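Data block below; observations after.
These figures come from a predicted structure and were not determined experimentally. By convention in this document, chain letters (A, B, ...) are assigned in the order of the sequence lines, proteins followed by strands, and residues within each chain are numbered from 1.
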Amino acid sequence: MTRRYDASQIEPKWQRVWAEEGLSRASEDSDDPRPRFYALDMFPYPSGDLHMGHAEAFSGGDAIARYQAMRGFNVLHPIGWDAFGLPAENAAIKRGLDPKAWTYQNIEQQAASFDRMGMSFDGSRRLATCDPEYYRWTQWLFLRFFEKGLAYRKTAPVNWCPQDRTVLANEQVIQGACERCGTMVERRELTQWFYKITDYAQRLLDDMEDMVEWPDRVLTMQRNWIGRSEGARVTFTIAETGEEIEIFTTRPDTLWGVTFFVFSVEHPAVGRLAELGGTLEQVEPLIAHARTTKREYGDEADTKDGVFLGVHAVNPVNGEQVPVYAAPYVLMEYGTGAIMAVPAHDERDFAFARQHGVQVRPVIQPEGADPLDGDVMTEAYPGEGVMVNSGSFDGHRTPESIAEVAAWLDDQGRGHATVNFRIHDWLLSRQRSWGAPIPIVHCSTCGEVAVPDADLPVELPADLDFSLGGESPLARHPTWKHVACPRCGGEAERDTDTMDTFVDSSWYFFRYCSPGYEDGPFRPEDVDRWMPVGQYTGGVEHAILHLLYARFFTKVLFDMGMVPFTEPFPKLMNQGQVIYGGSSMSKSKGNIVEPMPLVERWGADSMRLIMLFAGPFEDDIDWKLIAGDDPNRRPGVHSWLGRVFGVVDEALARGTSAAESDALIRLTHRTIEGVTHDMERFRFNTAISKLQVLTNEMRTALDDGGGALGAARALVQLLAPFAPFATEELWREVLGEGSSVHVSAWPSFDPSLVVEDTVTMVVQVDGKVRDKLEVATGIDEAGALELARASAGAQRAIGDRDVVREIVKVPRLVNVVTRG
RNA sequence: GCCGGGAUGGCGGAAUCGGCAGACGCGCGGGUCUCAAAAACCCGUGAGCUAACGCUCGUGAGGGUUCGAUCCCCUCUCCCGGCACCA
């Protein structure tokens, strides 16, 4: 009597049993002999219920966690929520909801959905970054950074939405407009808090050399973001005022080719110099434009835009005076916000020079080509060559001369070799109220004063008014900010900004090691035991921000002696996105497919198998292509699970009364080997296909009257990380095991049984397959050749032509080469 | 523009120390069962030629290396992702 597969009967039952048994709890028992494994998934943001992206990511992460547990590891697999941030506040503004209630309600819903999906999270370690007992330590860490000078305040330009009257993060500015109301944002100078990540730029770069188990694209993105350039800083002088202006260049060897000088229009000196030069009228519109408009890139007209300021710069290497311009093509945020322009050897400078009629003077001549002539050049020459018109450096070759000139500048006191980074310090303050308050008190006598550790957390007040107003709800609160200065006791005000949510997520993985710890963000011994993370799983959208910040935090904690390693995530795995019809799912496109209805209809096991069988884990899944448009169509993996129930049931019924065939035993061992190998490389799709092959062969064996009990046990165990509910049912209820399949030992294989005793040998003639022979695996070359020559297919193809060569690769192939 | 990754049946994908291209699944076609449908199960399914045995073509395009190329090399086209006036 074959048991029918019914997920709705099976899944809620085991969900309950596992919770009662505490199956997923990591062991802190010091007598536990098992090695530890930390399986970490990027924690979700609690806006609404789980979406398809979560279903995909966590299906993979959970498969890894369950696999490692069966491999004999004591697995830590925690979950939490990245729970501060804009959506909660927007819900409050738009719909008058309490952000805290909204957030915790969503967390409960997502937690229930995770349970329903069979995720093996250790529920005793659950956290949310908006819990006061969590952000207490976010604030504590901020103060440690502050003490070290790694958190500081400075005035910087930020994105300001005049409609919503608030600062926005860069991510919240879409094509120059506020993501919420569509208003063009302005740039405003505001005093903000920063983390000094630039101090760690070189180390963040260097340590990537050893991170061989990260995806290349993520490493590349981080390298580009850090943007290291070697070059020199050179000091120019404004002829009319005598003030010195430093520039950064990667090509000091072209200094003798400078024919003009350019400030970014946002450079603070521009207004003053334009006034002096009598060109303020022409310059002002450019400055105003830059202030209110997001830069458009790739705009040809913009590249050549610019205004002569009416003043001149003195070139330190030859004393020449060159005209000074202000132009939008020079970025305030890179280098010093001012450049020396060498049109003969820089594309952008060349375009600008031709537009404005500035001289082009080549100082690098390509070897073995016609000499460059500045008057007739049609494009810049950025390549290598020999220096000319460069004083005593004439005849020196680039690129070697770059360092030579830099060293010479240093000797002369006119500049110095340096390294420039593109990365900026991390602006962490937000004029938002659903975040961790910055634990600083501003006192008119004492200045910036740290809130004493004993007074942490600085808690958010419960009664914030989220209606739109002049200042943030926190700043507007009638009493919250007014406190006594911790140092002098005088009247003072709290900082009313909160921290970027990326601060919250830069250390949550440490907290999981010591849930509820009262004496610090984590207990160092716990972190020492569990970390670094064994496997980190999450979306590639965090390739730069979160992963870079978390690496930065870890290095700072290392320097403080709090953790014994400098990289938190040696292994990183990025899942692909779930898209629909070639583009991302979104409300506006109306193409959102929800995972939970799928789970209710077909079961969590089927949902997980659909996700992992669809293709390589790191590739996108186009839901339209793999599932079609009919939600009631039975998924193929669901039918397969039904067949698995059939074969396991039948294998048990037959028991040992019928012998298991040698072929099936060998296939079972090959499957164990193959699936194990695939799990190590996250090739879930091919692992599942191997299990399907085994299922099909078991079906055949049973239909032929044979046994399949050994194969059945292996199948159930190997499938357990993917389909935890169905396999538990089969393991305990059908196979009658006393304890969970998820704590059973991952099956091992006998290498001697992995090798087939016969193999198909391909017989080729002139590289084309002409016959296939079944031969013994251990066949020797002479034997193989003899069989091949004699085969009907080879005879027919060779005909009466001469055999000129025979290639034998035992036992797989013989290729007979003819000439005829 | 620069960097990274791709292109294989109707579809998702498999196979790379160079050696049977298309595993596994979806879809589709045919069949069994059924009054019928669904489900389940069985068979078939790259294209073309052939009565059949078989043969030819085929992994984005072109070329090269090789007995043999989806795999290695060169040139090109297109697609996806990231960065984007970075001096």
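Between the side chain of A/His424 and the main chain of A/Arg422, a donor-acceptor pair closer than 3.5 Å is present. Using a distance-only test at 3.5 Å, with no hydrogens or angles considered, a donor-acceptor pair links the side chain of A/Asn315 to the main chain of A/Val317.
Taking a pair to require two hydrogen-bonding distances under 3.5 Å in either a Watson-Crick or a G-U wobble arrangement, B/A23 remains unpaired. Across the strands present, B/G44 finds its partner in B/C28; the criterion is a Watson-Crick or G-U wobble pair with both atom distances under 3.5 angstrom. Within the shown strands, B/G82 is the pairing partner of B/C2 under the Watson-Crick or G-U definition, both distances less than 3.5 Å. Both distances falling under 3.5 Å, in either a Watson-Crick or a G-U wobble arrangement, occur for no nucleotide opposite B/U66. The pairing partner recorded for B/A51 is none, the criterion being a Watson-Crick or G-U wobble arrangement whose two distances lie under 3.5 angstrom. B/A14 is unpaired under the criterion used here, namely a Watson-Crick or G-U wobble arrangement in which both key atom distances are under 3.5 Å. B/C71 makes up no base pair with any nucleotide shown, lacking Watson-Crick or G-U wobble contacts both under 3.5 Å. Pairing of B/C33, defined by two Watson-Crick or G-U wobble distances under 3.5 Å, is not identified with any nucleotide.
Contact annotation: A/Thr220 does not reach the phosphate of B/C83 (side-chain N/O to OP1 or OP2, under 4.0 Å). For B/A14, the OP1/OP2 oxygens have a side-chain nitrogen or oxygen of A/Asn685 closer than 4.0 Å. Under 4.0 angstrom from either OP1 or OP2 of B/G54 there lies no side-chain N or O belonging to A/Arg770. Taking 4.0 angstrom as the limit, A/Arg223 places none of its side-chain polar atoms (N or O) nearer than this to OP1 or OP2 of B/G82. The side chain of A/Arg683 places an N or O atom within less than 4.0 Å of a non-bridging phosphate oxygen (OP1 or OP2) of B/A15. Under 4.0 angstrom from either OP1 or OP2 of B/G27 there lies at least one side-chain N or O belonging to A/Arg633. OP1 or OP2 of B/C67 lies within a sub-4.0 Å distance of a side-chain N or O belonging to A/Arg805.
Taking atom P in both B/C26 and B/U77, the straight-line distance is 40 Å, to the nearest Å. The gap from the C1' atom of B/U45 to that of B/C33 amounts to 23 Å, rounded to the nearest Å. Taking the C1' atom of each, B/G13 and B/C17 are spaced 24 Å apart, rounded to whole Å. Rounded to whole Å, the C1' atom of B/A23 lies 15 Å from the corresponding atom of B/U59. With both ends at atom P, the span from B/U56 to B/G6 equals 33 Å, rounded to whole Å. Using P as the reference atom, B/C78 and B/G29 are 38 Å apart when rounded to the nearest Å. Between B/G58 and B/C49, the two C1' atoms lie 15 Å apart (nearest whole Å). If you take atom C1' in B/C55 and the same atom in B/A51, they sit 15 Å apart, rounded to whole Å.
Remark: P of B/C83 and CD1 of A/Ile544 are 6 Å apart, rounded to the nearest angstrom. One interatomic measurement links the two molecules: NZ of A/Lys768 to P of B/U56, which rounds to 5 Å at whole-angstrom precision. Atom C1' of nucleotide B/C67 and atom CG of A/Asn815 are separated by 5 Å, given to the nearest angstrom. At whole-Å resolution of the value, CZ in A/Phe684 and C1' in B/G13 are 16 Å apart. Rounded to a whole Å, the CG atom of A/Leu331 is 13 Å from the C1' atom of B/C83. As a whole-Å value, the separation of A/Leu609 CG from B/C26 P is 13 Å. Atom CG in A/Leu691 sits roughly 16 Å away from atom P in B/A14 (whole-Å rounding). Put simply, CE on A/Met332 is 16 Å from P on B/C85, counting in whole angstrom units.
The residue A/Leu813 sits close to a base: some heavy atom pair falls under 4.0 Å. Counting any heavy atom pair closer than 4.0 Å across all strands shown, A/Pro616 reaches sugar-phosphate atoms only and no base atom. The residue A/Asn696 sits close only to the backbone: its heavy atoms come under 4.0 Å of sugar-phosphate atoms, none of a base. Within 4.0 Å of A/Ile807, counting heavy atoms only, lies at least one base atom of the nucleic acid. Using a 4.0 Å heavy-atom cutoff across all strands shown, A/Arg422 reaches at least one base atom of the nucleic acid. Among the atoms of the strands shown, base atoms are found under 4.0 Å from some heavy atom of A/Gln764. Within 4.0 Å of A/Gly636, counting heavy atoms only, lie sugar-phosphate atoms of the nucleic acid but no base atom.
We find that A/Arg699 and A/Glu697 are not joined by a salt bridge, their nearest charged nitrogen and carboxylate oxygen being 4.0 Å or further apart.
Less than 6.0 angstrom separates the ring centroid of A/Phe260 from the ring centroid of A/Tyr325.
Nearer to the 5' terminus of RNA chain B, by closest-nucleotide assignment, is the contact made by A/Phe613 (compared with the other of A/Phe613 and A/Arg643). When each of A/Thr250 and A/Lys772 is assigned the nucleotide of RNA chain B with its nearest heavy atom, A/Lys772 is the one assigned upstream, toward the 5' end.
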Candidate pair A/Tyr5 and A/Arg643, rule side chain to side chain contact (heavy atoms under 4.5 Å, CB included), full reasoning: CA-CA 9 Å; A/Tyr5 171 55; A/Arg643 288 195 294 278; over 6 Å; no
Audit row: A/Leu286, A/Val270, side chain to side chain contact (heavy atoms under 4.5 Å, CB included) steps and yes/no: CA-CA 11 Å; A/Leu286 269 186; A/Val270 164; over 6 Å; no
A/Ser229 vs A/Asn420, side chain to side chain donor-acceptor pair (under 3.5 Å): CA-CA, chis, key distance, verdict: CA-CA 5 Å; A/Ser229 292; A/Asn420 193 66; 5.8 Å; no
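B/G22 shows a glycosidic angle more than 90° from 0 and is accordingly assigned anti.
Out of B/C20, B/A40, B/A87, the shortest distance to the side chain of A/Arg634 is found at B/A40. Among B/C20, B/C11, B/A87, the nucleotide with an atom closest to any side-chain atom of A/Thr760 is B/C20.
Using the six-membered ring where Trp is involved, A/His345 and A/Tyr381 have ring planes that are perpendicular, over 60° apart on the 30 and 60° scheme.
Cation-pi geometry between A/Arg361 and A/Trp256 is not met at under 6.0 angstrom from the ring centre and within 45 degrees of the axis.
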